[in-house]
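Only heavy atoms go into these numbers, but all of them, side chains included; no hydrogens, no water, no symmetry mates.
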Amino acid sequence: MLQISVIRQNQLEVIEGLGKKNVPDAAEKIAEILQLDDQRKQWRTELEKLLTDRNQFSDEVGKRYKEGDKEGAEAIKVKVNALKDKTAELEVLLGNIEKDLDGLLYLIPNLPHASVPPGKTPDDNEEYQSWTAELPVLSEHALPHWDLAKKYNLFDLELGVKITGSGFPVYRGKGAKLQRALIQFFLDEAVNAGYEEIMPPLLVNEASATATGQLPDKEGQMYYVAKDDLYLIPTAEVPITNILRDVILDAAKLPVKMCGYTPCFRREAGSYGAHVRGLNRVHQFDKVEIVQVAHPDQSYQVFDQMIQHVSQILAKLELPYRILRLCGGDMSFASALTFDFEVYSAGQKRWLEVSSVSNFETFQSNRLKLRFKDGKQSRLAHTLNGSALALARIVAALLENNQTAEGIIIPKALIPYTGFDRIS
RNA sequence: GGAGAGGUGCUCGAGUGGUUGAAGAGGCACGCCUGGAAAGCGUGUAUACCUUUGCGGGUAUCGAGGGUUCGAAUCCCUCUCUCUCCGCCA
């Protein structure tokens with residue numbers, strides 16, 4: 001969440017930024033927050049004064065007893081008891097106002113970076129890097145990946161329905177091997193780029209989901225295990241970033257680079273139709289995530305690095321891709337800047353989102369209490385993450401783009417991982 | 001799941017109601033000493049918030065939350081986590 005001190009010092013910029021993210025009534029909301037905060041401060045000051053008195057009186061009681069002045073002590077006790085009513089009252093008021101204030105702050109999204117274009121829908125996203133070479137053109141007999149899957153027995157969605165429900169693919173044979181190969185390939189790429197590999201829990205508690213911003217904003221998107229009060233992770237970002245919750249890092253340790261493979265679980269309620277067919281949108285998919293924690297002065301350099309990293313992987317997979325700079329309306333709640341990667345899926349003649357790289361600046365670290373020592377001072381670090389990469393749609397594009405009369409050709413870079421060079 | 005023992009600062013560890021935000025030791029930082037180093041000596045070494053132009057002052061925090069009390073790291077309750085033994089188990 002945003003820091004109150006930042007909101008206070010930059011009211012106009014904050015309101016303007018929230019406007020770009022299409023937050024309705026931003027000015028009113030900020031005014032309300034600041035007003036609550038003023039009240040909070042006033043009550044806190046009052047309370048602390050009373051507590052100071054109470055502490056002093058209590059010390060005095062102890063001294064009187066030691067000196068044998070029992071009557072004096074009793075007299076002071078009466079005074080303290082009078083104070084206690086007032087402090088109890090103020091404590092309730094303060095507790096409530098702090099809760100209200102937090103509630104409001106949790107609903108305020110991060111401010112967009114200056115370079116973020118205005119806009120409301122994906123149509124307003126800006127093409128940051130387009131695909132200049134020719135797009136693959138397939139023969140008339142080319143199939144979408146869901147038909148290829150049937151033809152070569154690679155994954156089975158109906159079977160997933162039987163076992164679990166819609167949106168839970170069952171990969172099999174070479175389809176399963178291809179999944180494993182991609183995961184391994186992506187992990188190797190990340191580790192070679194200096195990321196520490198993490199294998200985290202797939203369920204997280206409420207504190208973790210809140211710290212990275214999924215709660216309360218995206219509560220309905222996560223699978224929830226009520227009996228144990230745990231959430232299935234929608235991305236490895238959640239457990240991995242939370243490794244550093246409540247941590248104060250040595251500045252020399254920045255940037256911290258971590259990566260991890262996990263399945264991702266998303267409820268994605270209420271979507272039907274051709275554009276979500278096959279692997280285009282599923283409830284469970286595999287993804288390798290890269291996470292960095294950076295010094296605020298360097299986080300945009302780190303961001304560029306991450307963009308390069310993802311670009312390289314796509315190039316090695318020989319997939320046509322483009323990079324979009326998301327507009328204010330299409331960005332996630334917690335992000336300050338997001339670039340999406342889309343690959344071209346020739347069987348469907350569509351661009352599919354396969355990666356999203358974001359800089360959250362201090363939005364997550366404020367909730368996480370993730371700081372670093374800048375001399376004697378501790379400051380909030382910047383957090384960034386990106387998919388490198390999400391599998392399901394990569395698989396869709398690979399199958400479709402590489403289909404030939406002789407089968408599906410595996411890109412060279414992947415062959416060492418799959419152990420086969422074509423699916424036929 | 002059952003029984004027991006515990007959770008104190010960067011680490012170890014003392015502390016069962018009153019100048020204890022916390023002894024002592026270690027680590028670390030800085031200074032003195034030294035040709036340099038070690039040893040030795042000295043100083044410093046949590047976080048958040050409120051207040052103050054600043055120096056500073058204050059409040060809270062000894063797993064978490066509540067209670068008792070003039071006063072709680074210390075007493076009581078609930079929760080949680082760790083360890084040991086038993087049970088179950090990939």
Watson-Crick or G-U wobble mate for [N], both contacts under 3.5 Å:
N	answer
U19(B)	none
C88(B)	none
G36(B)	none
C62(B)	none
G54(B)	none
G6(B)	C81(B)
A72(B)	none
C28(B)	G44(B)

Same-atom distance ([atom1]) from [N] to [M], integer angstrom:
N	M	atom1	value
A23(B)	G13(B)	C1'	10 Å
C33(B)	A39(B)	C1'	11 Å
G87(B)	A3(B)	C1'	11 Å
C62(B)	U11(B)	C1'	16 Å
C10(B)	A5(B)	P	29 Å
G27(B)	U20(B)	P	26 Å
C81(B)	C75(B)	C1'	23 Å
G17(B)	A72(B)	P	14 Å

Quick check on [N]: is either OP1 or OP2 less than 4.0 Å from any side-chain nitrogen or oxygen of [X]?
X	N	answer
Lys70(A)	C70(B)	no
Arg40(A)	C49(B)	no
Asn205(A)	U80(B)	no
Arg371(A)	A48(B)	yes
Thr45(A)	C49(B)	no
Asn55(A)	G71(B)	no

Round to a whole Å and report the spacing from [atom1] of [X] to [atom2] of [N].
X	N	atom1	atom2	value
Lys373(A)	A46(B)	NZ	P	8 Å
Gln39(A)	C50(B)	CD	P	14 Å
Leu83(A)	G71(B)	CG	C1'	13 Å
Arg54(A)	G18(B)	CZ	P	16 Å
Phe57(A)	U19(B)	CZ	P	19 Å
Asp53(A)	G71(B)	CG	P	14 Å
Glu91(A)	G67(B)	CD	C1'	14 Å
Gln56(A)	G18(B)	CD	C1'	15 Å

Among [options], the nucleotide that comes nearest once only the side chain of [X] is considered:
X	options	value
Ser378(A)	C49(B), A48(B), G18(B)	A48(B)
Arg44(A)	G71(B), A48(B), C49(B)	C49(B)
Lys84(A)	A60(B), U69(B), C50(B)	U69(B)
Val61(A)	G58(B), U51(B), C70(B)	C70(B)

Indicate whether the side chain of [X] and that of [Y] have a donor and an acceptor atom separated by less than 3.5 Å.
X	Y	result
Gln364(A)	Thr383(A)	yes
Glu400(A)	Gln348(A)	yes
Tyr223(A)	Gln284(A)	no

Worksheet item: Of Asp37(A) and Tyr65(A), whose nearest nucleotide on RNA chain B comes first from the 5' end?
Response: Tyr65(A)
Worksheet entry | 5'-most by nearest nucleotide on RNA chain B - Gln42(A) or Lys77(A) | Gln42(A)
Mind checking if [X] touches a base, just sugar-phosphate, or nothing, with heavy atoms under 4.0 Å?
X	result
Ile248(A)	sugar-phosphate
Asn81(A)	sugar-phosphate
Ile76(A)	nothing

Discussion item. Minimum heavy-atom separation for Leu368(A) and Ala211(A), please, with both atom names.
Written reply: CD2-CB, 3.5 Å
Practice prompt. Let me know which of Tyr195(A), Phe186(A), Phe303(A) forms a ring pair (Phe, Tyr, Trp, His ring centres under 6.0 Å) with His309(A).
Written response: Tyr195(A)
Fill in: Sub-4.5 Å side-chain heavy-atom contact between Asn385(A) and Ile290(A)
no
Worksheet item: Checking Asn10(A) side chain against Ile7(A) main chain: does a donor-acceptor pair fall under 3.5 Å?
Response: no
Practice prompt. Check the pair Arg44(A), Glu48(A) against salt bridge (charged side-chain N to carboxylate O under 4.0 Å, His left out), reporting the backbone distance first and the verdict last.
Written response: CA-CA 6 Å; Arg44(A) 174 149 297 277; Glu48(A) 289 188 355; 3.3 Å; yes
